[in-house]
Structures are given as C-alpha cells and as structure tokens.
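Working notes, beginning with the structure itself.
Start at 1 and go down the list; that is how both ligands and their atoms are numbered.
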Amino acid sequence: MSKNWWRILLVAALGAALVFAAAACSGGQKPAGQQPAEEKKQIAVKFSHVVAEGTPKGQAALKFKELLESKSNGQFKVEVYPSSQLYGDKEELEALQANNVQLIAPSVTKLVGFNPAFQIVDLPFLFKDDQAAYKFHDSEAGQKLLKSLESKGIIGLAWWPNGSKHFTNSKRPLKKPEDFKGLKFRTQSGGVLDDQFKALGAGSQTMAFGEVYQALQNKTVDGQENTFNNIDTQKYEEVQKYMTVSYHGRIDYAVLTNTKFWNSLTPEQQKLFTECMKEATEYERKLADELNQKSYEKLKNSGKMEIYVLTDADREAFVKAMQPVYEKYADKIGKDLLEAARKCNQ
Ligand code: LMR
C-alpha cells in the first residue's frame, strides 16, 4: 500500500472518530431535521381571561406559563391573553369548547348555564371569610362541583379565588337595604344575583366584564359589585362616587380546559400540567388577599370614592333583607352542597 493510501485511511478513521464523539456528547440525539415528528412538536396552549394583568388571576396565569414552559424544557408554549383581548365572557366558554383556546378561568357565576350549583358563591354572606371559601374549594363537594362539567367537554383543573365583593355606585351612599331602591346594578350572570338586587328593591342587568366601565360611565347602570382588586384595576373609582365595604358575596374562578386538548396529552404531560397548576394555585391564593388589601388601601388613599364600611347592625339588616334568595335557590343549588359549604365556616 502506497504512503498516500495510508494517509487517506488515517484521515477517514479520524473523521469517523470525531463524528462518533460528537454524537456521544449530544446524548445520541439526531441532528435537527432528522428527529421524529413527536420530539420536535411544541404544544401551544392559549390562556384567555378577562381581567387585567395585575390581578390574582392575571399574575397566576403568567406564573403557570413560567412553570409549565420551564419544567417541560420548552415542550409547552403558553400564550396568555388578558383583558378580554382574545375573548369576552360568553365567547371564551364557546371558544374553550371548540378548542380554540385551551385554558380559561371564568368566575364560576358565569358557568350557571352548565350547572346552576356554581351560583353557591353568590349566595349572600354564605362564607364567613376567605379561609372558609378555600376550605370549600378543597372539600370533596367543591372538587365534585369543579368536575361536574365533563359531560360538556370541559375539565375543571383548579379553583382560583379572587375574594369578597363590595358595592359601588354613582348615586348615593348605600348603608341600608332601603338605599338600593330604584338603582340599577350590573351583574355577571345568573338568577341569584338578579334576585339579590330584587330583594333590595333594585334592578339589574347582566353584562360582560369588558363592557362594565363604559356602562358605568354612560350611566346605563348606576352601580356594580366586585372585589377591591377588580374595582381598582378597572379604575371604577373614576366613574363611581360611592363604595360600600360589605363582603356580601364572592368572586371565585374555575380554571378550565377542554377534553379534546386534555386527551391529546400523554399521561406524563397531563401529570406535569397538573403539577404546575397546583403550584400556580398556591401562588394565586396567597396573592389574592395581598392584592385585594393593596387595592383597598389604594382606593382609600385616592380619595375619589366616598367609602362606607357596613357595621355589624347594618350587616344584619342586609342578611335579613336577602333571606328570600336562600329560600328561592336552596333547592336549585342543592341542600347537600349548601350544607357542605356551611360546614366550612366551622
Ligand atoms: C366580573 O365579571 O365582574 C368578574 O367575574 C371578572 C373576573 O374575572 O374577575
């Protein structure tokens, strides 16, 4: 064999060794373009919601994105759309069922068309505080309620609280049930809220969250009820003169996905999704109280609204005036569910 042949063989052997070493260093991965389709495919998750980013829901949605993207090493790509950018209240439920969006977190009141029992959080003065509501969320009854949407192609993944609601309006201070007479309030959805206002002698109009500021501004409605944080982040103090701190009902969310998307995931991916949701839920719960307290301070300091805090005696008068709501809805919501919720106050 000539010298040249030896050189050619040596160069070929060195080349082969280099290729082998490179493959070993890359963990045996094939070069891009030669990977099987499932290794390369990124799973897109759209998360649509109606509130501002600086809310417990807005922040927890971003936390979930961060967790799922990093823990899946980029296999999932989560896009969060706040402030009804993608869909409003009604549209987001339809979009979820059509798998045009994979995650939404509506206030459970807006699920009344699927299951009227979700209106339990609207029953006046039902939960004595946030802790009692969280206990209900975690209870067997609360979890069963969350899972009750499966026949509609919807899977409930978690309860996310916001907090207690308070009244605002543009006409007068609301200290007693009689003060509500003749006023018109915006409601989220469902009969319980309409009947709550009826019991106070007021009218109501259901309206998507994204339309409320304008409706308050142009006086289509006189008032609304919401958490401190929603009032603050929507800047309702610009268009409302009075706030009554009442803690009379709640806003709680159900984080929902659809069965088509869920069943397209492998068991490992579902497990990771569930784990990240659990972590985001713990984060959201801590944030809910903190952000509502901050917003309350901000609303007080801004001095834009006259704020009245119900006394114990005022509260008793409201409890009494709103009693007919319980009589009308106890059966519709379910006596067992109501009992389970009341137990959480103990
Ligand atoms: C509302 O419609 O007032 C709330 O449910 C909005 C929200 O998602 O907090």
Side-chain angles (χ1 to χ4, degrees), residues 47-62 64 80-93 95-96 101 103-114 118-123 130 133 137 156 158-169 184-194 196-197 204-217 220-237 239-240 243 246-256 280-281 284-285 287-289 291-292 294-296 299:
F47 192 154
S48 172
H49 66 81
V50 300
V51 289
E53 267 190 354
T55 55
K57 177 160 63 183
Q59 289 298 299
L62 291 173
F64 177 75
V80 182
Y81 298 89
S83 303
S84 310
Q85 266 168 27
L86 204 54
Y87 302 108
D89 284 332
K90 191 166 164 281
E91 297 80 29
E92 70 175 15
L93 283 166
L96 184 75
V101 65
L103 282 174
I104 61 172
S107 152
V108 294
T109 306
K110 294 168 189 169
L111 302 174
V112 58
F114 294 132
F118 277 110
Q119 295 176 100
I120 191 154
V121 302
D122 298 322
L123 287 172
D130 288 339
H137 297 167
W159 282 92
W160 282 3
N162 185 325
S164 292
K165 290 182 296 183
H166 311 279
F167 300 108
T168 67
N169 89 101
K184 191 167 171 192
F185 287 82
R186 174 264 173 172
T187 56
Q188 300 178 77
S189 188
V192 169
L193 296 180
D194 287 335
Q196 164 193 272
F197 285 112
S204 58
Q205 185 176 332
T206 294
M207 194 181 288
F209 186 62
E211 294 163 19
V212 179
Y213 182 94
Q214 212 181 344
L216 295 171
Q217 190 175 40
T220 306
V221 288
D222 303 304
Q224 63 84 47
E225 46 167 14
N226 230 309
T227 61
F228 292 134
N229 184 252
N230 274 347
I231 293 169
D232 167 32
T233 52
Q234 292 301 307
K235 303 191 182 351
Y236 290 161
E237 75 279 10
V239 285
Q240 298 278 267
M243 179 165 80
S246 52
Y247 295 92
H248 66 280
R250 293 190 55 80
I251 291 207
D252 289 303
Y253 308 119
V255 187
L256 308 174
T281 300
E284 204 268 357
R285 235 183 224 191
L287 213 57
D289 182 46
L291 292 184
N292 273 303
K294 267 193 192 150
S295 287
Y296 185 30
L299 291 169

Separation between CG (Leu216) and CZ (Arg186), nearest 0.5 Å, reads 9.0 Å
To check your reading of the model: name the closest protein heavy atom to [atom], its residue, and the distance in Å.
atom: atom 2 (O) of ligand 1; value: Lys110 NZ, 2.7 Å
atom: atom 5 (O) of ligand 1; value: Gln188 OE1, 2.7 Å
atom: atom 8 (O) of ligand 1; value: Lys57 NZ, 2.7 Å

Only one of Asp130, Asn162, Asn229 passes side chain to side chain contact (heavy atoms under 4.5 Å, CB included) with Asp289, and that residue is Asp130
Contacts of Ser48 meeting side chain to side chain contact (heavy atoms under 4.5 Å, CB included) (sequence neighbours excluded), chain-then-number -> Leu86, Tyr87, Glu92, Val101, Ile104
Could you list which atoms of ligand 1 come closer than 4.0 Å to a heavy atom of [X]?
X: Val50; result: 8 (O)
X: Ser107; result: 5 (O)
X: Tyr253; result: 7 (C), 8 (O), 9 (O)

Proximity to ligand 1 by part of [X], non-hydrogen separation under 4.0 Å:
X: Arg186; answer: side chain
X: Asn226; answer: side chain
X: Thr109; answer: neither

For Glu225, is at least one N or O under 3.5 Å away from an N or O on ligand 1?
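Checking ligand 1 against Glu225, no N or O pair falls under 3.5 Å apart.
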Practice problem: May I ask you to check whether Asp89 has an N/O atom sitting below 3.5 Å from an N/O atom of ligand 1? | Solution: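 Among all N and O atoms of Asp89, none is under 3.5 Å from an N or O of ligand 1.
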Matching residue for Phe228 among Phe167, Tyr236, Tyr296 - test: ring pair (Phe, Tyr, Trp, His ring centres under 6.0 Å):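 Passing option: Tyr296.
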_Considering all heavy atoms, the nearest Val51-His49 contact_ =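 Reported closest heavy-atom pair: O-CE1, 3.1 Å.
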**Study point:** Test item: Val192 and Leu123 side chains (from C-beta on) under 4.5 Å apart, heavy atoms
**Key:**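 Val192 reaches Leu123 side chain to side chain.
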Does His248 reach the side chain of Ser164, with side-chain heavy atoms less than 4.5 Å apart?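 They are not in side-chain contact.
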Would you list the atom pairs, donor with acceptor, under 3.5 Å between side chains in residues 204-212 and any protein atom, with sequence neighbours excluded?
unit_1, atom_1, unit_2, atom_2, d
Ser204, OG, Asp194, OD1, 2.7
Gln205, OE1, Lys184, NZ, 3.1
Thr206, OG1, Thr187, OG1, 3.2

